[in-house]
**Student:** 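Dropping the structure in here first, questions after.
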Protein chains: 2
Amino acid sequence: MRPKLTLKQIARELDVSISTVSKALRDSSEIGEETRKKIKAFAKLYNYRPNNIALSLKNRKTKTIGIIIPEIVHYFFTTVISGVEQVANEKGYNVIVCLSNNSFDKEVLNLELLANGSTDGFILSLAKETMQKEDYHHLIEVINQGMPVVLFDRVVDEIHCDKVIIDDVIGAKKAVQHLIDKGARKIGLVSTVDYVSVGKLRTRGYLNILRDNNFEVDQDLILKIEDMDNSEAKIKEFINNNELDAVFAVNEHFAIHAIKAIQEKGLKVPEDVSVIGFTDGELSKRFIPSLTTVSQHGERMGAEAARLLIDKLERKPEDEDSYKTVIVETSLVERNSTKS
Amino acid sequence: MRPKLTLKQIARELDVSISTVSKALRDSSEIGEETRKKIKAFAKLYNYRPNNIALSLKNRKTKTIGIIIPEIVHYFFTTVISGVEQVANEKGYNVIVCLSNNSFDKEVLNLELLANGSTDGFILSLAKETMQKEDYHHLIEVINQGMPVVLFDRVVDEIHCDKVIIDDVIGAKKAVQHLIDKGARKIGLVSTVDYVSVGKLRTRGYLNILRDNNFEVDQDLILKIEDMDNSEAKIKEFINNNELDAVFAVNEHFAIHAIKAIQEKGLKVPEDVSVIGFTDGELSKRFIPSLTTVSQHGERMGAEAARLLIDKLERKPEDEDSYKTVIVETSLVERNSTKS
DNA sequence: TTTCAACACTCAAACGTTTGCGCAAAATAC
DNA sequence: GTATTTTGCGCAAACGTTTGAGTGTTGAAA
């Protein structure tokens, strides 16, 4: 077990100075042909690699970007990570992933950790708890210190920075319009409570498109789920108490629970009731019937976020610094839970 | 936008030396009461946080562990990350996640990156391509340089280090025995090609338990899938060409394709044919019928791996260094794809 | 009055790099 | 043979931190 080689060791071994070694390895013309060759040969033989930490300290940048997500066991977020990773690697950046587990405290902790030199900037989706508390000072503090931040998916207006979001309203409209086009008249909505911004926006899309089509809005056809744990029961009750011919659910899980409930009620999907979900995951593809969904293209979102961040990192200090908001378009993926 | 505060700046501002500031903040008794208070107050006011990079360089450790996984859009791996993260955070470690995307070259790249000072050690599951090539010199090199490594799930004997695996053979036996107990006689196996170690081991479990029960092994009842892309078609063909009363699949996807094929053939699950999968994910829980599976407890594996790694990191140099292999037990989760 | 310890603080080295500058010797010019 | 340039290399500072050793002042014991 030989320990890691440093410039100092090479210098001692070859009886030259540290700077000579450094310069030789970087092909400086200051160093003579012969010495240079000798040093490079030695370095290659013993597989010298510069120490990243020392480089980071010297250069005052780490070539690392952080990403903090609310939960990793979640298809959408993994696709985002995947997108971030691809772009980052392409541009020579490293990715460090942290999980907030939807906890405010853990988000703060992670932020502190990443902000104290470990990363050059980061990409973040807010924890649920943070959005409830509406306490963003930790993020604002970090941004004020000059650390570039890109928010994605779960964003708020109070934080000024680059953002990547989807057109939740438009996505929802597309979905509901599709249901209407296929003949649906009584369309149920299964959403989340309003402090989850995506729930609010998708609900707005639903309402808007109903109005656009001169449909009446019936509040009884709208279910807002507070607690994920009893969502299954709530949805079942909702389905049983209403005569619907279509359901728009703001995520995969709700959609699947709806389908289950519909089938248990003795009705058929999509013959009797059509169902559309939001977020395109494994589940949507593999479920029987496979789910028609609004795909949010997580990978593209991650890629956009990474591009925004790296652009900011590599721009000259204050070259121009307005904050951009990139909207990644959703698309309707038609499968078997809606009439074709 | 005020930039990050350093010891030097505090020192200049308060007209003391850098070391005084450092010592005051660390409550050294060398520093007088009054000065100490003044410095701490100032640091608190301006929210001073020591620079991680500088600390890493000084201490020669980063308090960061790396984890390299073949693909992140995969439920099992995300649960492993989740487990690693929990234990790491508990012990004050940071986690940096890299993806090899099952590519040998990217695995090597990631390894180099993480090994050059960015992390104190890492946790890795081998890329498929690496296992095909059977080329492990990059890992062996890193281990020889004294970097602690823990391998999980996809491991090989050629690499000497700590390992966390599941009892694939036993898990498969449990599954097949369960099928036999429920009366199955013609049990099909849907597995992967043998260079994927888990495929090989689960196949072995299947074969062993058939022998233990004095069943004949019929090679026609064994399907080995090479290419994920055409797995659906292959499985359909397999199901159609054989009269089975049960199927054991080595992962969720294969299991679901099997169920689809069975249903399309006009048979019912579990009444006519029982199906058991391996790996317990979202899909298994939510599919209709929900899947009976062998759960591999990814979270527990991640936690174990992190514990092994951190133990090694915090042990005195060469306190004792044998390599351990931890086996995380699988358990059979009975749901609705098998007879009860 | 001298001696010495205690106190409160500063210096400087170290972690592993990079890089502008300086300096000697060799090579060229006059 | 002297003056100047070129060549080849080393010194030292810097990034931000920690820490043992050193220093100067004070106060008390001898």
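Any value given below was found using the heavy atoms of this structure, including those in side chains, with hydrogens, waters and symmetry copies removed. First the proteins, then the strands, lettered A, B, ... as listed; each starts at 1.
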**Student:** Going by the angle between their ring planes, with limits at 30° and 60°, are A:Phe152 and A:Phe77 parallel, tilted or perpendicular?
**Tutor:**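 Because their plane-to-plane angle is over 60°, the rings of A:Phe152 and A:Phe77 count as perpendicular.
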**Student:** Please determine, by modelled atom types, if A:Thr79 and A:Glu299 share a side-chain donor-acceptor pair under 3.5 angstrom.
**Tutor:**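 No, A:Glu299 and A:Thr79 have no side-chain donor paired with an acceptor closer than 3.5 Å.
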**Student:** Can you measure B:Ile31 atom CD1 to D:dT18 atom C1' for me and round it to whole angstrom units?
**Tutor:**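 The answer, rounded to whole Å, is 13 Å.
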**Student:** Counting distance only, does the side-chain N/O of A:Lys23 pair as donor-acceptor with the main-chain N or O of A:Glu30 below 3.5 Å?
**Tutor:**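 Answer holds: no.
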**Student:** Rounded to whole angstrom units, what separation is found between the CG atom of A:Asp15 and the C1' atom of D:dC9?
**Tutor:**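 One finds 13 Å between C1' of D:dC9 and CG of A:Asp15, rounded.
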**Student:** Can you check nucleotides 11-18 of chain C for protein contacts, nitrogen or oxygen pairs under 3.5 Å, and list what you find?
**Tutor:**
{"residue": "C:dC11", "atom": "N4", "partner": "B:Ser19", "partner atom": "OG", "Å": "2.7"}
{"residue": "C:dC15", "atom": "OP2", "partner": "A:Lys8", "partner atom": "NZ", "Å": "2.9"}
{"residue": "C:dC15", "atom": "O2", "partner": "B:Lys58", "partner atom": "N", "Å": "3.4"}
{"residue": "C:dG16", "atom": "OP1", "partner": "B:Arg60", "partner atom": "NH1", "Å": "3.1"}
{"residue": "C:dT17", "atom": "OP1", "partner": "A:Tyr48", "partner atom": "OH", "Å": "2.9"}
{"residue": "C:dT17", "atom": "OP1", "partner": "A:Asn51", "partner atom": "N", "Å": "3.3"}
{"residue": "C:dT17", "atom": "OP2", "partner": "A:Leu7", "partner atom": "N", "Å": "2.9"}
{"residue": "C:dT17", "atom": "O5'", "partner": "A:Tyr48", "partner atom": "OH", "Å": "3.1"}
{"residue": "C:dT18", "atom": "OP1", "partner": "A:Arg26", "partner atom": "NE", "Å": "3.2"}
{"residue": "C:dT18", "atom": "OP2", "partner": "A:Ser22", "partner atom": "OG", "Å": "2.8"}
{"residue": "C:dT18", "atom": "O2", "partner": "A:Lys58", "partner atom": "NZ", "Å": "3.4"}

**Student:** Strictly by side-chain hydrogen bond (donor to acceptor under 3.5 Å, both in side chains), give each pair with a member in residues 62-71 of chain B just once, sequence neighbours left out.
**Tutor:**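 Those involving residues 62-71 of chain B are B:Thr62-B:Asp120.
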**Student:** Pairs under 3.5 angstrom, nitrogen or oxygen only, protein versus nucleotides 4-7 of chain C, please.
**Tutor:**
none

**Student:** Can you name the ring-ring contact (aromatic ring centres under 6.0 Å, His included) partners of A:Phe104, sequence neighbours left out?
**Tutor:**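 For A:Phe104 the ring-ring contact (aromatic ring centres under 6.0 Å, His included) partners, ignoring immediate neighbours, are A:His138.
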**Student:** Enumerate the residues from residues 33-40 of chain B whose closest heavy atom to DNA chain C is under 4.0 Å, giving them by residue number; use none for an empty result.
**Tutor:**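 Hits under 4.0 Å, by residue number: B:Thr35.
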**Student:** Please report the closest heavy-atom contact between A:Leu99 and A:Lys106, naming both atoms and the distance.
**Tutor:**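 Minimum heavy-atom separation between A:Leu99 and A:Lys106: O-NZ, 3.2 Å.
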**Student:** Just so I know, are the side chains of B:Glu107 and B:Leu126 near enough to count as touching, which here means a heavy-atom distance under 4.5 Å?
**Tutor:**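 They are in side-chain contact.
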**Student:** Applying side-chain hydrogen bond (donor to acceptor under 3.5 Å, both in side chains) as the test, list every pair that has at least one member in residues 90-99 of chain B; sequence neighbours left out.
**Tutor:**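 Residue pairs passing side-chain hydrogen bond (donor to acceptor under 3.5 Å, both in side chains), neighbours aside: B:Tyr93-B:Glu314.
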**Student:** Tell me whether the count of non-hydrogen atoms from other residues, nucleotides or ligands lying under 6.0 Å of CG in A:Asp27 goes above 12.
**Tutor:**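 More than 12 heavy atoms, drawn from other residues, nucleotides or ligands, come within 6.0 Å of this atom.
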**Student:** Please examine the side chains of A:Asp162 and A:Val149, heavy atoms only from C-beta on, and report whether any two atoms are closer than 4.5 Å.
**Tutor:**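 No; the side chains remain at least 4.5 Å from each other.
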